[in-house]
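Below you'll find the structure, written out as structure tokens, and then a few comments.
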Amino acid sequence: MTIDDQPLLSARGISKMYGQHVGCTDVSFDLFAGEVLAVVGESGSGKSTLLSVLSTRLEPTGGAVSYRMRDGTMRDVFALNEAERRLLMRTDWGFVHQDAREGLRMGISAGGNVGERLMAVGSRHYGEIRSTALDWLGRVEIDLTRVDDAPKTFSGGMRQRLQIARNLVTQPRLVFMDEPTGGLDVSVQARLLDLLRGLVADLGLAVIIVTHDLAVARLLSHRIMVMRAGRVIETGLTDQVLDDPREPYTQLLVSSVLQV
Amino acid sequence: MSTTATATTPYNYAYLDEQTKRMIRRAILKAIAIPGYQVPFASREMPMPYGWGTGGVQVTASIIGPTDTLKVIDQGSDDTTNAVSIRKFFQKTAAVAVTTSTSAATIIQTRHRIPETPLTAGQVLVFQVPTPEPLRFLEPRETETRKMHALAEYGLMHVKLYEDIAKHGRIAKTYDYPTMVAGRYLMAPSPTPKFDNPKMHRSPALQLFGAGREKRIYAVPPHTDVVSLDFDDYPFEVNKFDRPCALCGAENVYLDEVILDDRGGRMFVCSDTDHCETRRAEGHRGEILGQEETRA
């Protein structure tokens with residue numbers, strides 16, 4: 001078995017209880033390198049809870065998440081010590097928030113935002129940090145003259161693209177995305193999705209994307225997981241699930257959106 | 001010598017009671033054992049407002065003894081209000097000898113400067129610190145800054161320096177310039193001008209930092225590495241002055257600007273008054289003092 005036959009991330013029996021209330025329960029899946037997995041469901045279905053657990057932002061009530069580190073070993077992410085976990089989160093992982101304000105430093109220039117991860121892992125050459133930042137601003141289609149402007153002067157779409165650049169600068173292998181197109185108008189959404197699709201393909205990123213928008217799932221993801229009331233009710237190839245949903249709930253979900 | 005209050009001296013020796021001094025000394029010892037680490041301590045109310053050196057005064061009060069000689073400076077000067085009143089305070093409460101001479105002092109309490117005269121082994125430099133946390137204005141949460149110190153995650157400080165270069169073309173921070181102590185802890189050297197940062201590096205004197213309002217004590221033991229942060233292509237530089245001191249002619253010292261009249265007249269003089277006086281007593285003359293004497 002070669003290394004690429006092993007999953008990048010493996011979740012087994014994940015559950016998260018908020019007291020008596022179920023966040024998500026008994027979620028298991030494997031994610032392979034370069035694979036895009038969409039988690040869809042209506043509000044309150046547990047998809048954001050699942051994302052928080054997978055990205056170690058929340059401690060699960062039960063189950064295990066293991067990740068294949070850059071050295072090839074599978075490690076239980078909740079058994080990592082905090083230093084290892086934080087290093088993982090700012091090098092090999094990325095997290096794109098729905099609200100860019102959570103993922104950016106709003107008072108710090110775009111260049112500083114992109115450069116932060118580089119400096120966090122020890123880069124100490126201003127010229128190199130800046131040219132890498134400029135390169136990434138270019139790749140996410142932000143006007144290079146805005147490099148010294150703070151994101152608080154940016155539009156919603158630009159903020160989201162800056163957040164993506166900031167996450168990808170350390171060349172992570174896995175990116176978590178929580179409704180990355182939420183709150184953007186349709187034309188900006190389309191442009192962002194186009195950009196994301198290009199980047200994901202070019203960099204061979206593995207992505208777990210949480211969305212309630214089936215169009216986003218259709219455009220970006222290879223596989224899809226449909227959640228309802230904290231459980232995964234259907235899973236499969238995206239086109240298959242969306243074109244031929246088996247579960248009544250999925251059928252409802254698919255039929256309730258305009259045809260894409 | 002009795003340390004208890006008597007009819008003539010209503011306060012304990014050096015103002016603080018012995019248990020408080022003991023507590024502060026323990027914090028100081030821990031601070032010395034972990035160079036650059038901010039040790040919490042139970043800061044007391046002092047008979048002066050926060051921001052006037054309550055932290056430094058508590059540190060000095062805990063280490064001072066009757067055989068010590070104390071020097072107090074504020075902005076390098078021995079004769080400003082803050083320096084004079086703290087000096088008087090210890091004369092009154094600790095019956096200690098005082099001096100303005102850097103080399104004669106055993107304890108030097110300072111608000112901003114490190115004296116120009118190199119410190120020697122056996123001397124203690126006590127800094128008054130307003131904001132001990134170098135990351136405070138970058139990360140407001142104390143829980144988070146403590147975690148960052150614990151994990152030595154100091155990338156954010158470089159983000160601040162990056163922003164300076166992006167905005168101003170150079171690292172614009174001129175005081176309280178961040179340093180790494182013994183290769184481990186990020187330390188704010190209090191509002192000391194960055195001119196003095198190199199003096200902290202491997203100094204033979206013990207350097208203690210007290211922040212009264214923030215309730216933190218930290219230390220740089222003698223001969224410890226104190227390295228100012230920078231970028232490979234934007235190395236750390238000290239403030240430069242294009243002229244010598246107008247009174248004593250000293251070069252490569254930190255200068256203060258003094259306005260002379262309302263027609264734009266000004267002179268630049270040593271901020272370290274003791275250094276300036278010593279040099280003048282040795283016969284050194286700067287531009288303005290030289291002119292005055294020729295005229296007289």
Side-chain angles (χ1 to χ4, degrees), chain A residues 56-57 80-91 93 101-137 142 144-153 162-163 165-167 169-170, chain B residues 34 37 131 133-173 177-187 194 197 225-237:
Chain A
T56 73
R57 276 152 205 266
L80 297 174
N81 65 39
E82 188 159 16
E84 289 174 316
R85 194 146 75 200
R86 286 170 75 115
L87 183 70
L88 184 68
M89 287 177 85
R90 63 169 190 256
T91 53
W93 287 4
R101 278 173 295 190
E102 284 176 43
L104 293 172
R105 294 190 185 275
M106 296 305 282
I108 283 175
S109 72
N113 266 295
V114 178
E116 179 174 350
R117 276 181 163 221
L118 295 173
M119 291 181 255
V121 295
S123 184
R124 293 291 177 264
H125 192 284
Y126 176 84
E128 285 168 14
I129 294 165
R130 194 170 173 83
S131 60
T132 310
L134 283 169
D135 178 42
W136 271 100
L137 291 185
I142 291 176
L144 298 190
T145 59
R146 303 295 302 270
V147 62
D148 293 331
D149 294 344
K152 61 185 169 199
T153 67
L162 180 62
Q163 200 191 175
R166 173 181 158 91
N167 273 288
V169 68
T170 50
Chain B
I34 318 172
Y37 173 71
T131 311
E133 179 49 72
L135 300 163
R136 177 58 64 238
F137 296 109
L138 304 168
E139 173 52 65
R141 290 167 295 177
E142 175 72 13
T143 48
E144 187 64 18
T145 53
R146 284 205 200 187
K147 204 166 270 178
M148 290 160 86
H149 281 295
L151 301 173
E153 270 181 19
Y154 295 137
L156 196 54
M157 197 76 236
H158 269 91
V159 174
K160 159 82 178 91
L161 302 182
Y162 171 94
E163 287 292 286
D164 264 17
I165 301 174
K167 274 199 191 97
H168 308 289
R170 66 195 161 82
I171 299 175
K173 189 119 177 113
Y177 190 102
T179 55
M180 282 298 284
V181 178
R184 174 60 181 85
Y185 281 100
L186 182 70
M187 183 185 85
K194 68 176 177 182
N197 275 15
D225 283 353
V226 179
V227 179
S228 304
L229 297 188
D230 59 6
F231 285 102
D232 296 344
D233 45 349
Y234 284 84
F236 172 77
E237 281 177 345

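Letters A, B, ... are given to chains in the order of the sequence lines, protein chains preceding strands, and every chain is numbered from 1.
At a threshold of 4.0 Å, the pair Arg170(B)-Glu237(B) does not count as salt-bridged, since none of the basic side-chain nitrogens sits closer than that to a carboxylate oxygen.
A donor-acceptor pair under 3.5 Å is absent between the side-chain atoms of Arg101(A) and the main chain of Leu104(A), judged by distance alone.
Proximity to chain A involves both the backbone and the side chain of Tyr162(B), based on heavy atoms less than 4.5 angstrom apart. Using a 4.5 Å cut-off between heavy atoms, Lys147(B) touches chain A through its side chain atoms alone. The contact between Ile165(B) and chain A is made by backbone and side chain atoms together, counting heavy-atom distances below 4.5 Å. Interface remark: Arg90(A) contributes side-chain atoms only to the contact with chain B (heavy atom separation under 4.5 Å). Using a 4.5 Å cut-off between heavy atoms, Leu161(B) does not touch chain A at all.
For Asp233(B) and His125(A), the side-chain atoms include at least one donor-acceptor pair closer than 3.5 Å. A donor-acceptor contact closer than 3.5 angstrom is absent between the side chains of Thr131(B) and Arg136(B).
In this structure, CG on Leu87(A) lies 10.0 Å from CG on Leu80(A), to the nearest 0.5 angstrom.
Of the listed residues Arg86(A), Glu128(A), Arg124(A), the one with more heavy-atom pairs under 4.5 angstrom with chain B than any other is Arg124(A). In terms of non-hydrogen atom pairs under 4.5 Å with chain B, the most contact-rich of Ala83(A), Ser109(A), Gly107(A) is Ser109(A). Options Gly122(A), Ala120(A), Gly112(A) differ in how many heavy-atom pairs under 4.5 Å they form with chain B, and the most are formed by Gly112(A). Residue with the most contacts toward chain A among Lys160(B), Lys167(B), Glu163(B): Glu163(B) (heavy-atom pairs, distance under 4.5 Å).
Classified by interplanar angle (parallel below 30°, tilted 30° to 60°, perpendicular above 60°), the ring pair Tyr185(B)/His149(B) is tilted.
In terms of heavy-atom proximity, Ile108(A) sits nearest to Pro151(A) at O-CD, 2.8 Å.
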